Amino acid sequence: MSRIVGIDLGTTNSLVATVDSGIPLVIADADGQRLTPSVVHFPGAGAAPMVGHPANRVRVIRPAETVYSAKRFIGRRGAEVAREEMTLTYPVAGAGTGPVTMRIHGRDYTPDEISAEVLKKLKADAEAYFGEAVTRAVITVPAYFNDAQRNATKHAGELAGLTVERIVNEPTAAALAYGLLRLREKSKIAVYDLGGGTFDLSILELNNGVFQVLATNGNTRLGGDDLDRRVVDFLVAKIIAAGGPDARGELPMLSRIREAAEAAKIRLSTEAEVEIPLPFLTPTFSFTCRLRREELEDLTRDLIAQTRAHCLRSLGDAKLEAKDLDQVILVGGQTRMPLVRRCVAEWFGCAEFEETRGDLRLGADYHKAAGPMLNTSQNPDEAVALGAAIQAEILSGGFKDILLLDVTPLSLGIETFGGLMNVIIPRNTTIPVKAGELFTTAVDGQRSMLIHVLQGERERAKDNWSLGKFDLEFEAAPRGIARVGVQFEIDANGILHVLARDTKTGHQKIVPMKSAVDVDDAAVQQMVEESVEHAFDDLKARQWIEAKLRAEETAKATRNGLAECGGELPEEQRVKIETALGAVEALLAAEDARTKIGEPVKLKAANAALDQATQPLAEILMDRAMEVLLRKRGLIQ
């Protein structure tokens with residue numbers, strides 16, 4: 001069989017790596033370049049696309065036909081993408097349920113197709129290195145990629161002629177790269193991964209050669225591109241103030257400014273001040289300015305600060321404090337920025353470190369009591385690809401003493417009667433995983449059940465994301481009969497498969513959640529914080545819905561009972577029941593029309609009072625039912 005390579009399909013740059021003689025290494029292209037810009041240029045007139053460095057060079061002069069940062073759109077629907085996200089130097093379109101597309105030379109390309117061109121180039125580089133065909137790969141994705149984005153990434157690999165053996169989370173792959181020889185048993189590490197377009201923070205533990213992800217959190221739409229955009233806005237404002245043109249509507253000019261902004265940002269990681277020359281923006285106007293590191297930090301500090309909340313949440317989910325960590329690993333090109341390193345060191349309680357060294361206490365004198373070590377010993381651009389190569393080697397049987405256990409970042413479940421979410425797989429469950437429950441029918445004569453698959457952390461179904469819906473049909477059944485078994489399975493790639501089975505006949509449906517594009521990726525990073533922010537409201541909502549369902553059922557039974565044999569009750573008891581029933585119905589009627597929530601504590605108390613008041617009525621109904629049963633059996637006349 002073909003060997004398996006590891007691929008880091010990045011927003012800004014992509015890499016392909018392998019393990020040669022037990023040593024992980026990044027494969028260079030024919031020009032000796034190990035980083036391949038994730039840029040694709042379409043020359044037109046039937047010519048083959050240009051990929052990587054040649055496309056990146058053409059981008060400045062032909063921006064409208066050159067696509068970059070396609071990873072930001074992969075697996076997303078048009079309705080999920082804000083208009084400002086589509087403001088790039090090439091045309092981006094998308095609306096409603098359709099995919100995001102890039103229209104080049106009259107043809108609409110999807111992000112999958114753009115990514116496939118990058119993967120084809122990496123595949124060709126690997127084949128040139130090995131001198132043989134390469135058809136199998138491990139590809140990495142951000143930990144917070146949803147099901148649709150993972151499927152789209154896998155589809156891109158297939159379009160490139162690759163069998164995708166495994167989809168691996170980027171922080172987890174990075175931990176493999178750092179931890180293969182360095183970590184000791186029971187080590188706990190945080191992987192801070194800030195790349196060109198995404199951010200992840202994962203907490204992992206090494207036990208007996210097994211890497212287990214304890215928690216993960218992040219933002220799929222925050223990265224170096226956002227910092228570049230801040231510098232671009234800064235330069236555009238400076239150019240206008242100097243009497244120059246407004247570049248916001250001029251794609252070629254904006255592309256030149258963006259390239260200069262990115263170059264200045266990169267240089268400011270090692271230099272205190274840089275000059276940004278932009279000659280001949282128009283035939284009569286040239287522009288030059290100087291940018292200091294302090295100015296760059298002021299422009300971007302709030303973006304870096306946004307990552308802190310994800311760090312704290314991930315620690316909280318893992319039930320750890322920063323002092324419990326052994327190491328904090330920095331991954332992603334943007335972590336070269338001194339501000340990022342200072343902030344991470346401060347947030348995790350790492351000791352001060354010398355920026356010229358770029359690491360913390362890597363010698364034998366390191367003591368855990370001083371706090372976690374800030375580990376930047378690996379090249380942050382290459383760590384993810386190297387980890388993917390290690391995972392590929394594990395799958396090939398090359399490394400036998402290391403196992404990778406990942407987690408699902410958000411809870412998965414189905415909608416139940418009353419509009420609540422019933423969680424089947426909680427967030428941070430180790431994958432691959434399989435879990436299920438048995439569900440009953442909600443009404444008499446029910447002939448089908450709608451399986452509405454949800455993802456999220458909120459109590460009510462409407463506050464979570466819909467991954468898909470399908471019906472399971474069965475013979476008419478009385479209300480309350482346990483009839484449908486639902487099983488969730490998340491495979492090693494993090495992709496969800498849902499099975500629903502009629503327990504009586506064995507009839508079943510198995511649905512891979514390829515329709516997970518219904519997940520609003522724009523809200524991924526908000527879900528956990530919203531679940532915390534609305535925790536008390538959500539709890540009240542669940543209590544209300546559960547109390548309401550029970551109260552409605554009790555009230556209906558009471559009305560029917562009074563109609564059937566209320567005349568047999570003494571007046572005092574009947575009035576007591578009607579008063580208690582009226583109190584319950586009044587509270588049900590007082591439900592807030594906007595929130596659909598009332599007072600669960602009062603309703604529970606009123607329902608308990610109704611239960612107590614209807615005891616005499618229940619006894620009469622029970623006696624009647626017993627009498628009917630005995631007559632049927634011929635025991636009484």
Side-chain angles (χ1 to χ4, degrees), residues 9-14 36-121 145 148-149 151-160 196-198 220-221 223 225-226 228-229 232 236 246-259 262 514-515 517-522:
L9 181 61
T11 305
T12 306
N13 295 296
S14 296
T36 296
S38 301
V39 182
V40 180
H41 172 70
F42 295 91
M50 298 168 60
V51 181
H53 291 283
N56 209 26
R57 289 190 289 269
V58 173
R59 176 163 60 164
V60 177
I61 56 176
R62 303 298 297 271
E65 294 99 42
T66 308
V67 181
Y68 58 92
S69 296
K71 181 176 175 179
R72 283 205 159 188
F73 303 110
I74 197 165
R76 298 172 66 191
R77 301 169 64 172
E80 298 171 356
V81 182
R83 290 297 102 187
E84 57 268 21
E85 284 189 82
M86 295 186 182
T87 306
L88 297 167
T89 57
Y90 56 89
V92 181
T97 60
V100 176
T101 58
M102 299 84 174
R103 192 166 187 81
I104 311 292
H105 297 304
R107 179 190 161 183
D108 289 331
Y109 291 89
T110 66
D112 304 29
E113 293 173 310
I114 301 299
S115 298
E117 294 298 330
V118 176
L119 291 171
K120 286 177 186 177
K121 197 268 185 186
F145 255 26
Q149 292 166 308
N151 271 312
T153 302
K154 190 173 182 180
H155 181 236
E158 292 164 353
L159 290 176
T198 60
T220 57
R221 288 165 47 196
D225 287 354
D226 299 282
D228 295 345
R229 197 172 293 117
V232 168
V236 167
D246 185 347
R248 288 171 293 189
E250 301 291 334
L251 290 184
M253 190 184 303
L254 191 64
S255 184
R256 284 187 61 193
I257 295 171
R258 192 213 61 79
E259 183 180 50
E262 182 184 11
K514 293 179 180 178
S515 59
V517 288
D518 286 339
V519 177
D520 180 7
D521 183 55

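All values below come from the heavy atoms of this structure, side chains included, with hydrogens, waters and symmetry mates left out. Index from 1, following the sequence. The model shown is predicted, which means the values in this text are computed figures rather than measured ones.
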Under a 4.0 Å threshold between the charged nitrogen and the carboxylate oxygen, would E262 count as salt-bridged to R258?
yes
Nearest-0.5 Å distance that lies between atom CZ in F145 and atom CZ in R76
9.0 Å
To the nearest 0.5 Å, tell me how far F73 CZ sits from T110 OG1.
12.5 Å
Taking atom types as modelled and ignoring hydrogens, do the side chains of S38 and S14 form a donor-acceptor contact shorter than 3.5 angstrom?
yes
Counting C-beta onward and ignoring hydrogens, is there a side-chain heavy-atom pair between V118 and L9 closer than 4.5 Å?
yes
Interatomic spacing from OG1 in T89 to CD in E250 - rounded to 0.5 Å:
13.0 Å
Correct closest heavy-atom pair for D225 and S69 would be OD2-OG, 2.8 Å
Less than 4.0 angstrom from a charged side-chain N to a carboxylate O is my criterion; do E117 and K120 meet it?
yes
Out of curiosity, E158 CD to L119 CG, how far, rounded to the nearest 0.5 Å?
11.0 Å
Contacts of R62 that satisfy salt bridge (Lys or Arg N to Asp or Glu O under 4.0 Å) - sequence neighbours left out:
E65
So, for M50 and A55, which heavy atoms are closest and what is the spacing to 0.1 Å?
O-CB, 3.3 Å
Nearest atoms (heavy-atom pairs only) where A116 meets L159:
CB-CB, 3.6 Å
If the condition is salt bridge (Lys or Arg N to Asp or Glu O under 4.0 Å), which residues does K121 pass it with, not counting sequence neighbours?
D29, D125
Whether E259 side chain and R256 backbone form a donor-acceptor pair below 3.5 Å:
no
When rounded to the nearest 0.5 Å, the distance separating CG of N13 from CG of N56 is 8.0 Å
As an exercise, state the distance from OG1 of T101 to CG of D112, rounded to the nearest 0.5 Å.
12.0 Å
Mark yes or no for whether H105, through its side chain, and F42, through its backbone, hold a donor-acceptor pair below 3.5 Å.
yes
Heavy-atom closest pair (R72 atom, G223 atom, distance to 0.1 Å) is NH2-N, 3.7 Å
Taking all atoms of both residues into account, what is the closest heavy-atom pair of A64 and P91, and its distance?
O-CD, 3.5 Å
Identify the two heavy atoms, one from P63 and one from S255, that lie closest to each other, and give their separation to 0.1 Å.
CB-CB, 3.8 Å
Pairs meeting criterion salt bridge (Lys or Arg N to Asp or Glu O under 4.0 Å) with involvement of residues 47-60, two or more places apart:
none
